[in-house]
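Okay, structure first, notes after.
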Amino acid sequence: MRNKNYVNLDVNPCKMCMPMGASIAFKGIESAVAMIHGSQGCSTYIRRHIATHYNEPIDIASSALNEKQTIYGGSGSLKKGLKNVIQIYKPKFIGICTSCLAETIGEDIKGIVTEFSKEEKTDDVTFITASTPGYGSSQYEGYYFTLRRIVEELTHKSPKNETLNIIVGNISPADIRSIKEILERMEIQYTLLPDISHTLDSEYKKGAYKKIHNEGTKLEDIKKMSGAVATIEMSTILSEENSPGKYLEDTFGVPLYKCPIPIGLENNDRFIGLLNQFSKLEIPKKILEARGRMLDGMIDSHKYNGEGRAAIFGDPEMVYSLTKLCIENGIVPKVVATGTKASKLKQMLHEDIQKIQEEILILDDTDFEKIKELSVNEGVNILIGNSDGAFITEKEGIPLVRIGFPIHDQIGGQRKVSVGYDGSMLFLDQITNTLLDEKHGQYRTKMYELYYLRNEAVL
């Protein structure tokens, strides 16, 4: 195994900015509006990315800082923007994050928002601020850091209850619905944060259009997270300072259990095992049956997946779970990459990689140019990650199986299911079928090159 941390040369980076992750986190709260204190372009860029992935109308407000406010301060612009948001949307919750510009000029958004709330007497609106400069980290840290800020500001000491806190990673609305279904089958009372299962994938309804959803994690439920029996947080690589579960443990003594995103057999076993500690029931028959079907499906596809040589990229938590899934079914992850600084990824995968008798490259803080170069050099025949890597398919002909955020060159990113035993098997089937399509599509050409041209050269 060769573990090398390649320097990010900022050529087509394999990541997005912190406010992107913050905006998605805010969208999982009831009756919420997300707002970016920064230039108009920042909210437009983020709104476009989120809208094309989830295929929903996405409103993200902006304080629209300009040159003058960059010099003299943008407090007036932020207050005016907040006033307009309250008047137009009538939200219960406004999440305000910062862009590079606001952070560079040193805006005290918490102070400005506190001052605004007193001036306008907005007691019926909850404000949460998050410092998220685009240059600070990636959307991965922005997502979890914002969840921590929500928990820090809203949660207060409350009586002990039978609720289990579930803090999910940046997965699809359909994935979250699957997680909720598992929790309900096991008859577990829970508070899930953030809940984008409806807010970013809503059903069609006739009648007047509603600007914001009253779905999402309830504010009252967040306030009571301090009294939960435990927290299960889908993060194994996340630093403690960005962990909402760690804050609940340190401040209120709520036990914290970490687990990967439940993709793959081992990761699902770990998640279900944790849930079983807090369920009053035996593991339901339907869940055990789903596990059995996954095992059967893995046996069916293993002989084909043994030919897979994959490049896996995206958020660190997603990359970790996908790599585990591949190794379980014989696919060799030749290149494992994330644009986020996540050196712990190598440590987490070390034991699994030892099972493979091939050289594996694990990269963090990297870019797509390096991923493309290594994919070609290492003989990769399948890409697994978000659609930002589609240009590698265009240039090198390596097929891409899309998962994660963003997927903006195909439809249905919000409906993709990859968690749970059933979801993991469905996604593994996509990988297997992509490998089979590639094999069948290239079979005659390869046989011609391997046998006819070689024999002709010998003659």
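- Glu233 and Tyr144 share no side-chain donor-acceptor pair at under 3.5 Å.
- Put simply, the side chain of Ser226 gets close to the backbone of His156: a donor and an acceptor are under 3.5 Å apart.
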*side chain to side chain contact (heavy atoms under 4.5 Å, CB included) assessment of Gln139 paired with Cys17*: CA-CA 5 Å; Gln139 81 286 349; Cys17 61; over 6 Å; no
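- Counted by atom type alone, Asn165 and Thr231 present one or more donor-acceptor pairs between their side chains at under 3.5 Å.
- The closest donor-acceptor contact from the side chain of Ser39 to the backbone of Leu65 lies at 3.5 Å or more, if one exists at all.
- Nearest heavy atoms, Ala102 versus His37: CB-O, 3.1 Å.
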Problem - Audit row: Leu101, Thr70, side chain to side chain contact (heavy atoms under 4.5 Å, CB included) steps and yes/no - result: CA-CA 8 Å; Leu101 182 59; Thr70 302; 3.7 Å; yes
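- Note that CZ of Arg270 and NZ of Lys258 are 10.0 Å apart. Values are rounded to the nearest 0.5 Å.
- The backbone N or O of Met425 sits nowhere less than 3.5 Å from a side-chain atom of Arg293 that would complete a donor-acceptor pair.
- Of the N and O atoms on the side chains of Asn268 and Ser424, at least one donor lies less than 3.5 Å from an acceptor on the other residue.
- Distance CD1/Ile109 to OG/Ser63: 9.5 Å, rounded to 0.5 Å.
- In this structure, Asp367 contributes its side chain and Lys370 its backbone to a donor-acceptor pair below 3.5 Å.
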query = After noting the C-alpha distance and the side-chain angles of Ser301 and Asn329, does the key distance pass the side-chain hydrogen bond (donor to acceptor under 3.5 Å, both in side chains) rule?
reply = CA-CA 8 Å; Ser301 62; Asn329 210 232; 3.0 Å; yes
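- To the nearest 0.5 Å, the span separating CD1 on Ile36 from CD1 on Ile60 amounts to 5.5 Å.
- A distance-only check finds a donor-acceptor pair linking the side chain of Asp364 to the backbone of Ala342 [under 3.5 Å].
- Ser138 and Glu141 share a side-chain donor-acceptor pair at under 3.5 Å.
- Ring centroid separation for the pair Phe278 and Tyr257 comes in under the 6.0 Å cut-off.
- Atoms CG and CD1, on Leu322 and Ile263 in that order, are 5.0 Å from each other to the nearest 0.5 Å.
- When all heavy atoms are compared, the tightest approach of Asp195 to Thr217 is N-OG1, 3.2 Å.
- With hydrogens and angles disregarded, no donor-acceptor distance shorter than 3.5 Å links the side chain of Thr338 to the backbone of Asp315.
- The shortest side-chain heavy-atom distance between Ile407 and Thr52 does not fall under the 4.5 Å cut-off.
- The backbone N or O of Ile272 sits nowhere less than 3.5 Å from a side-chain atom of Asn276 that would complete a donor-acceptor pair.
- Side chains of Asn267 and Tyr320: no donor on one and acceptor on the other come within 3.5 Å.
- With hydrogens and angles ignored, the 3.5 Å screen pairs a side-chain donor or acceptor of Lys344 with a backbone N or O of Thr236.
- When each of Leu248, Leu154, Thr163 is tested with Met225 by the rule side chain to side chain contact (heavy atoms under 4.5 Å, CB included), just one qualifies, namely Leu248.
- Between Arg185 and Glu181, at least one side-chain nitrogen of the basic residue sits less than 4.0 Å from a carboxylate oxygen of the acidic one, meeting the salt-bridge criterion.
- Taking the six-membered ring where the residue is Trp, the centroids of His408 and His49 are separated by under 6.0 Å.
- A salt bridge links Glu358 with Arg309: the closest approach of a Lys/Arg side-chain nitrogen to an acidic carboxylate oxygen falls below 4.0 angstrom.
- In the displayed structure, Gln430 atom CD is contacted under 6.0 Å by more than 12 heavy atoms of other residues, nucleotides or ligands.
- For Gly245 against Ile167, the heavy-atom pair with the smallest separation is N-CD1, 3.8 Å.
- Between Phe313 and the choices Val335, Ile384, Leu383, the side chain to side chain contact (heavy atoms under 4.5 Å, CB included) rule is met once, by Leu383.
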Do Asp59 and Arg47 pass the salt bridge (charged side-chain N to carboxylate O under 4.0 Å, His left out) test, and can you show the C-alpha distance, the side-chain angles, and the key distance before you say yes or no?
-> CA-CA 7 Å; Asp59 289 350; Arg47 189 165 57 240; over 6 Å; no
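- Taken from CD1 in Ile382 to SG in Cys326, the straight-line distance is 7.5 Å, to the nearest 0.5 Å.
- Rounding to the nearest 0.5 angstrom, the gap separating the CD1 atom in Ile232 from the CG atom in Leu274 is 4.5 Å.
- For the pair Asn242 and Ser137, the minimum side-chain heavy-atom distance is 4.5 Å or more.
- Ion pair Glu56/Lys27 not flagged as a salt bridge, since none of the NZ, NE, NH1 or NH2 atoms sits closer than 4.0 Å to an Asp/Glu carboxylate oxygen.
- One finds a salt bridge joining Glu307 and Lys439 here, because a Lys/Arg side-chain nitrogen approaches an Asp/Glu carboxylate oxygen to under 4.0 Å.
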request  = Start with the C-alpha gap between Glu107 and Thr98, add the side-chain angles, then the distance that decides, and say whether side-chain hydrogen bond (donor to acceptor under 3.5 Å, both in side chains) holds.
outcome  = CA-CA 9 Å; Glu107 290 282 82; Thr98 52; over 6 Å; no
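- Here side-chain hydrogen bond (donor to acceptor under 3.5 Å, both in side chains) pairs that include residues 390-404, with residues two or more places apart or in two chains, are Arg402-Asp409.
- Looking only at distances, no side-chain donor or acceptor of Glu215 sits under 3.5 Å from a matching main-chain atom of Ser197.
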Set out, in order, the CA-CA distance, both residues' side-chain angles and the distance that settles side chain to side chain contact (heavy atoms under 4.5 Å, CB included) for Met318 and Phe405, then state yes or no. CA-CA 10 Å; Met318 181 64 76; Phe405 176 87; over 6 Å; no
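- Between the side chain of Tyr140 and the backbone N or O of Leu238 there is at least one donor-acceptor pair closer than 3.5 Å.
- Under the side-chain hydrogen bond (donor to acceptor under 3.5 Å, both in side chains) criterion, Ser172 pairs with Asp175, not counting sequence neighbours.
- Here Glu289 does not pair with Lys286 in a salt bridge; the nearest charged N to carboxylate O distance is not below 4.0 Å.
- Phe26 and Phe93 have tilted rings, their planes meeting at an angle from 30° to 60° on a 0 to 90° scale.
- Minimum interatomic distance between Gly28 and Thr199 (heavy atoms only, all atoms of both residues): CA-OG1, 4.2 Å.
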Please test Arg149 against Glu153 for salt bridge (charged side-chain N to carboxylate O under 4.0 Å, His left out), starting from the C-alpha separation and ending with a verdict.
-> CA-CA 6 Å; Arg149 287 288 301 126; Glu153 291 295 319; 3.0 Å; yes
Could you walk me through whether Ser235 and Glu317 pass side-chain hydrogen bond (donor to acceptor under 3.5 Å, both in side chains), step by step?
-> CA-CA 6 Å; Ser235 69; Glu317 302 292 348; 4.8 Å; no
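- Of all non-hydrogen atoms in Ile94 and Ile96, the two that sit nearest each other are O-CD1, 3.7 Å.
- Shown here for Met35 and Leu82, the closest heavy-atom pair between the two residues is SD-CD2, 3.6 Å.
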